[in-house]
**Q** 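Here it is: the structure, laid out below.
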Amino acid sequence: METITEDQKVMTAKKIKKMFGHINPKDHPEYCPIKDVMALASDKWSILIIIYLGYYPVLRFNQLKKKVYGISNKVLSERLKLLEGDGYLNRKMYPEVPVRVEYQLTDFGHSYLEKLLELTEWVTTYSDMIMANRSRYSKQ
């Protein structure tokens, strides 16, 4: 496991200050970039939708539903609309009977997918340690 140095901690703090230091919660208590943007992009269903659309270039609603195990039609529909609204994916409807609707990631969605994959790689690297920590914690 890599050791985090004091310099790395200082650089991280500077990045956070640069990103959020200009926001005064007294002026805009309702605005938080993390809550407003990341809440949708980082919920368990949206992450799975984005990952599957990264693996399969185009998916229809029912194909996505089968892949994202456990999601309801209502939640899938809501997440797809929100992800489309934020620009992560495109929805293409074909004038057929029955109507055929396909979803695919936008370039913006692909750029987010790259960051998700970095996080996934980190989780894969440290999952054994996390599980061991959980086990030790539960025995306390």
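The residues of the chain are indexed from 1 along the displayed sequence.
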**Q** Ignoring hydrogens and geometry, is there a side-chain-to-backbone donor-acceptor pair from Ser77 to Lys74 under 3.5 Å?
**A** no
**Q** Is there a side-chain contact between Trp45 and Val68 (heavy atoms, below 4.5 Å)?
**A** yes
**Q** Kindly indicate whether the side chain of Phe61, heavy atoms from C-beta on, has any atom under 4.5 Å from the side chain of Leu80.
**A**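 Touching, per the 4.5 Å side-chain cut-off.
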**Q** Between Lys9 and Glu6, is the closest basic N to carboxylate O distance under 4.0 Å?
**A**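 Yes.
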**Q** Any cation-pi pair here, Lys67 with Tyr56, using under 6.0 Å and within 45°?
**A**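 Yes, Lys67 lies over the aromatic ring of Tyr56.
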**Q** Has the side chain of Ser111 got a donor or acceptor atom that lies under 3.5 Å from a matching backbone atom of Phe108?
**A** yes
**Q** Quick check against the 3.5 Å criterion: does Thr106 have a side-chain atom that pairs as donor or acceptor with the backbone of Asn90?
**A**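 Here the side-chain-to-backbone pair does not exist.
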**Q** Show, in sequence, the C-alpha distance, side-chain angles and deciding distance for Thr120 and Ile47, and conclude whether the side chain to side chain contact (heavy atoms under 4.5 Å, CB included) test is met.
**A** CA-CA 11 Å; Thr120 302; Ile47 287 173; over 6 Å; no
**Q** Would you call Lys115-Glu118 a salt bridge at under 4.0 Å N-O?
**A**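 Result for this pair is yes, salt bridge flagged.
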**Q** For Tyr88 and Ile50, work out which heavy atoms get closest and say how close.
**A**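 Residues Tyr88 and Ile50, closest heavy atoms: CD2-CD1, 4.3 Å.
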**Q** Any side-chain heavy atom of Met93 within less than 4.5 Å of one from Arg91?
**A**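 Answer yes - side chains close enough.
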**Q** If you define the side chain from C-beta out and look only at heavy atoms, does anything of Tyr103 sit under 4.5 Å from Val58?
**A**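 Result no, sub-4.5 Å side-chain heavy-atom pair not found.
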**Q** A side-chain contact here means heavy atoms from C-beta on lying under 4.5 Å apart; do Asp43 and Arg79 qualify?
**A** yes
**Q** Indicate yes or no: at least one non-hydrogen side-chain atom of Ser42 is less than 4.5 angstrom from one of Tyr112.
**A** yes
**Q** Mind listing the closest non-hydrogen atom pair of Arg60 and Val99 along with its distance?
**A** NH2-O, 4.4 Å
**Q** Are the side chain of Lys65 and the backbone N or O of Ile71 linked by a donor-acceptor pair below 3.5 Å?
**A** yes
**Q** Would you say Leu76 and Ile49 make side-chain contact, with heavy atoms under 4.5 Å?
**A** yes
**Q** Are Tyr94 and Glu102 close enough that a side-chain donor and a side-chain acceptor fall under 3.5 Å?
**A**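 Side-chain D/A pair, Tyr94 to Glu102: present.
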